[in-house]
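Residue numbers run from 1 in the order of the sequence given.
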Amino acid sequence: MSVNGQPVGSVEDSSVSDKSVADWLSDTEQAAWRSFVDGSHELIGALDRALNADAGLSFEEYRILVILSENDTLRMSDLSRGGLASRSTVSRQVSRLVERGDVERLPDINDARNRLVRISDLGRERLHEAAKDHVRLVRRYMFDHLTSEQVVEMTRILTTVRNTIDGPDVR
């Protein structure tokens, strides 16, 4: 989106007060931000479409199965806290996975307010099958075009971003 030929949020955006101009992104920051947002959106969308077509799973359901495959059991609250989505969205996704037999809900003997979830044997099989094409596409769309140094740098940068978000509130 642009105003007077300038991207909204750029340093040159003259439709805002002087006080807020200092907070706008530089052209370089704007380009990096847009590349990240657009690239991430396109990549996740392509992976979601492929997972749906090949395995009948959404990208979010796939992520839930991956997380559950790495843990014996998880509380629903911990699963939603993993950045997947809101608690209600994760609950709906888990319900679909339960209906298909990919996930099991269990009572939490330590806290009756919580439910535990774990991946079933069927869910592990579905995940294993889905992962074959998923990994191939992740490699094709992302890693085949990067040098090993770029992958290391990307990991460093995105880990820094994630740790900043997970850290103290910076607002």
Side-chain angles (χ1 to χ4, degrees), residues 32-171:
W33 173 243
R34 293 269 175 103
S35 293
F36 170 76
V37 169
D38 294 346
S40 299
H41 182 76
E42 291 295 324
L43 177 61
I44 298 301
L47 294 173
D48 184 65
R49 289 186 297 277
L51 282 165
N52 268 300
D54 298 339
L57 291 169
S58 69
F59 183 79
E60 293 80 13
E61 291 167 338
Y62 180 84
R63 284 190 67 203
I64 288 171
L65 291 178
V66 167
I67 291 167
L68 291 176
S69 76
E70 297 168 344
N71 295 276
D72 291 331
T73 58
L74 278 179
R75 295 183 325 183
M76 287 293 294
S77 56
D78 291 334
L79 190 55
S80 64
R81 207 178 346 227
L84 293 170
S86 69
R87 188 179 237 171
S88 62
T89 299
V90 170
S91 181
R92 282 192 307 276
Q93 291 165 339
V94 166
S95 291
R96 283 194 300 269
L97 292 168
V98 167
E99 287 173 18
R100 282 193 282 215
D102 294 329
V103 170
E104 301 167 330
R105 280 196 177 106
L106 309 164
D108 185 345
I109 59 172
N110 297 318
D111 186 349
R113 297 171 298 168
N114 281 313
R115 300 284 299 208
L116 299 174
V117 289
R118 73 174 170 209
I119 191 169
S120 67
D121 290 340
L122 180 63
R124 284 188 192 282
E125 288 176 32
R126 184 185 307 270
L127 176 61
H128 180 74
E129 286 303 311
K132 293 174 186 176
D133 284 332
H134 179 73
V135 169
R136 180 183 55 76
L137 287 176
V138 168
R139 188 173 307 286
R140 181 173 134 210
Y141 292 149
M142 188 165 185
F143 294 112
D144 285 353
H145 310 286
L146 301 173
T147 66
S148 57
E149 293 81 14
Q150 288 172 315
V151 172
V152 169
E153 185 66 5
M154 180 178 64
T155 302
R156 186 187 67 74
I157 290 167
L158 294 177
T159 299
T160 299
V161 170
R162 186 193 65 225
N163 290 343
T164 300
I165 295 167
D166 290 344
D169 190 6
V170 293
R171 283 186 227 160

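- A salt bridge between Arg136 and Asp133 is present, with a side-chain N of the basic residue lying under 4.0 Å from a carboxylate O of the acidic one.
- Each of Ile67, Leu68, Thr73 was scored for a side-chain contact (heavy atoms from CB on, under 4.5 Å) with Asn71, with one residue passing: Ile67.
- Under 4.0 Å is where a charged nitrogen must lie from a carboxylate oxygen, and between Arg96 and Glu60 no such pair does.
- Residues Arg113 and Asp108 form no side-chain contact, since every pair of their non-hydrogen atoms from C-beta on lies 4.5 Å or further apart.
- Closest non-hydrogen pair, Arg105 versus Ser95, comes out as NH2-OG, 2.8 Å.
- Residues Met142 and Met154 meet the side-chain proximity criterion, which asks for heavy atoms closer than 4.5 Å.
- Between Leu57 and Arg100, the closest side-chain pair of non-hydrogen atoms falls below 4.5 Å.
- Using a 4.5 Å cut-off on side-chain heavy atoms (C-beta onward), Leu47 and Tyr62 make no contact.
- Taking CG of Leu43 as the reference point, atom CG of Leu137 lies at 9.5 Å (rounded to 0.5 Å).
- Crowding of Leu106 atom CG: a count of heavy atoms from other residues, nucleotides or ligands under 6.0 Å exceeding 12.
- Summarising the local packing, CG of Asp121 is surrounded by 12 or fewer heavy atoms from other residues, nucleotides or ligands at distances under 6.0 Å.
- In this structure, the side chain of His128 does not engage the main chain of Gly123 through any donor-acceptor pair within 3.5 Å.
- Remark: Arg156 engages Glu153 in a salt bridge, criterion side-chain N to carboxylate O under 4.0 Å.
- A distance of 11.5 Å separates OG of Ser58 from CD1 of Ile44, quoted to the nearest 0.5 Å.
- The number of heavy-atom neighbours closer than 6.0 Å to CZ of Arg139, taken from other residues, nucleotides and ligands shown, is 12 or below.
- To the nearest 0.5 angstrom, Leu127 atom CG is 12.0 Å from Ile64 atom CD1.
- One finds the CD atom of Glu61 at 9.5 Å from the CG atom of Leu51 (value rounded to the nearest 0.5 Å).
- By the 4.5 Å heavy-atom criterion applied to side chains, Val90 and Gln93 are counted as neighbours.
- Around the CG atom of Asp38, the shell of radius 6.0 Å holds more than 12 heavy atoms that belong to other residues, nucleotides or ligands.
- Atom NE2 of His41 is surrounded by 12 or fewer heavy atoms from other residues, nucleotides or ligands within 6.0 Å.
- How far OG1 of Thr160 is from CD1 of Ile165: 11.0 Å, rounded to the nearest 0.5 Å.
- In terms of heavy atoms, Leu74 sits closest to Leu79 at CD1-CD1, 4.0 Å.
- Separation of atoms NE2 (His134) and CG (Asp48) is listed at 10.5 Å; rounding is to 0.5 Å.
- Remark: the backbone N or O of Leu122 is not paired with any side-chain donor or acceptor of Arg126 at under 3.5 angstrom.
- Using a distance-only test at 3.5 Å, with no hydrogens or angles considered, a donor-acceptor pair links the side chain of Ser69 to the main chain of Val66.
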